[in-house]
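The chains referred to below are lettered A, B, ... by the order of the sequence lines, with proteins before strands, and numbering in each begins at 1.
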Amino acid sequence: MAAQVEHLKWIQGTNFMVDGFNFQSPRCRSYFLTHFHSDHTTGLRKNFCGGVIYCSEITAVLLRKDMGMPPERIIPLPMDEPLEIDGVTVTLIDANHCPGSCMFLFQLPYKAASPSSPRVILHVGDMRWHPRLGRHPALRAVKVDLLYLDTTYASPKHVFPCQEDAIAEIVRLMRKERPGTLFVVGSYHIGKERAFLGAAKALGWKVWCNANKKKTMKMLRLPEADMALLTTVQTSAQIHVTFMGQGLQPEALEQRISGSKWSHVVAFRPTGWSFRKSGGLDVRKEGNVTIYGIPYSEHSSFLELRDCVRTLRPSRIIPTVNVTNDPATARAIVDRFADLMDLSRDKSRLDVYFKPKARKAQQRLLAYIAASRGLSCKRAADMSPPAQLAKKQLSIAGFLKRKVCA
DNA sequence: GCGATCAGCT
DNA sequence: CACAGCTGATCGC
């Protein structure tokens, strides 16, 4: 979850906001949306009037047809084409996260930036890094000063295979099942499409999804051949697509095959969190229901993050995910992350912010910082009671920044 | 009472 | 724990 913290949304030195629709300001008339997931559209409604919204063409279709936003507020931008907005050169680069997702590369004019402030800024939104991104002409042409990074898996324990291998694993598991088995693949409103389409393609099977999901998928400009795999007639498909939440509960799966021609149901939960270091399968069996966790991820693994940072060599990084967590995660970002990413401490800095109203997490983070920087826990706890922390957001953020980056 | 926001859960 | 997104509680009007 991208934390709802204003510092992570403003692009420094500009009047631009990225995925920050809940932070309206007269200073900002230009909003940028990286992709159409609800935690990035927080504060955005169809009658949003904070300013114009720049996004990819696919995201623009979703804003119009799925959210019902009037087209005149939306400015769809093509990928890979530098354009000037308010004197800043903006380039959209595919973020390899979900359909329509993009990163924004901002290049500020020299005159606007003071020598110490960043001139080249990359906000990745949510991203799955791939070595090919390091060869992208727009990225090769610049030296990134400031990188807003999707640090969802910013710890060395998060290793998982590429998507192709994760899909191959789904296919292998489907092939070895007995006849009469229905397969169910979990999905989000947008996302995980390659997991079920890839498996269906490999096996030559049809995919059922409900009418809503099909309607959404029509907006994603998927290849004709992929769309042809879809059917809304349940009995003609051996693979069903369902929402990752309730749809993958054993009771819901049981329900799905009760009274049907299927005797068993095997479901797949495609998420990076399901990776097992032991190499063993993440599997849950209950009667005629089997649920596999598949390490199919739409965020970068730790090694991919490291490759990203080593390729781009940014002067500074602002983590946008996982900044609200417990002491162990804070340590991962502040210490281990910096070490393993091979950043030189004098030239690079990691800014750590926290969610103003995440009271428990906030207190734990303060306690951790106090402990690790030689302050007493008591002192940190005494600084402000939780209710006042929200009001003191700026000064506390400053405190954290000084302490963590010292 | 309503919409917005948030913690908690999966 | 996190993902994305739902639910129910709480806040402000």
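One interatomic measurement links the two molecules: CD of A/Q249 to P of C/dG5, which rounds to 16 Å at whole-angstrom precision. One interatomic measurement links the two molecules: CG of A/L62 to P of C/dG5, which rounds to 11 Å at whole-angstrom precision. What separates CG of A/N212 from C1' of C/dG5 is a distance of 15 Å, to the nearest Å. Put simply, NZ on A/K46 is 15 Å from C1' on B/dG3, counting in whole angstrom units. For the pair A/L248 CG and B/dT10 C1', the computed distance is 11 Å after rounding to whole Å. For A/M67 and C/dG5, the CE to C1' distance is 13 Å, given to the nearest whole Å. B/dG3 atom P lies 12 Å from atom CG of A/N47, rounded to whole Å. Note: CE (A/M244) to P (C/dA2) measures 14 Å, nearest angstrom.
Within the 4.0 Å cut-off from OP1 or OP2 of C/dA4, at least one side-chain nitrogen or oxygen of A/H97 is found. Contact annotation: A/R45 reaches the phosphate of B/dA4 (side-chain N/O to OP1 or OP2, under 4.0 Å). An OP1 or OP2 oxygen of C/dG5 is reached within less than 4.0 angstrom by a side-chain nitrogen or oxygen of A/S38.
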What side-chain donor-acceptor pairs closer than 3.5 Å can you find for residues 91-99 of chain A, not counting sequence neighbours?
from, atom 1, to, atom 2, distance (Å)
A/D94, OD1, A/N96, N, 2.7
A/N96, OD1, A/R194, NH2, 2.9
A/N96, ND2, A/R128, O, 3.0
A/H97, ND1, A/E298, O, 2.6
A/H97, NE2, A/H37, ND1, 3.4

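Applying the salt bridge (charged side-chain N to carboxylate O under 4.0 Å, His left out) test to pairs two or more places apart or on separate chains, those with a residue in residues 163-189 of chain A are A/E169-A/R172.
Among the nucleotides C/dC6, C/dA2, C/dA4, the one closest to the side chain of A/W273 is C/dA2. Picking from C/dA2, B/dA4, C/dG5 the nucleotide with the shortest atom distance to the side chain of A/H158 gives C/dA2. If you check C/dA2, C/dG5, C/dC6 against the side chain of A/H37, the one that comes closest is C/dG5. Among B/dA4, C/dC6, C/dA4, the nucleotide with an atom closest to any side-chain atom of A/Q246 is C/dC6. Considering only the side chain of A/H189, C/dG5 comes nearest among C/dA4, C/dC6, C/dG5.
Between A/W10 and A/F23, the ring centre distance reaches or exceeds 6.0 Å.
Residues A/Y292 and A/L281 share a closest heavy-atom pair of CE2-CD1, 3.8 Å.
The residue A/R269 sits apart from the nucleic acid: no heavy atom pair falls under 4.0 Å.
Ion pairing between a basic and an acidic side chain is recognised when a charged N comes within 4.0 Å of a carboxylate O; A/R306 and A/E304 show no such pairing.
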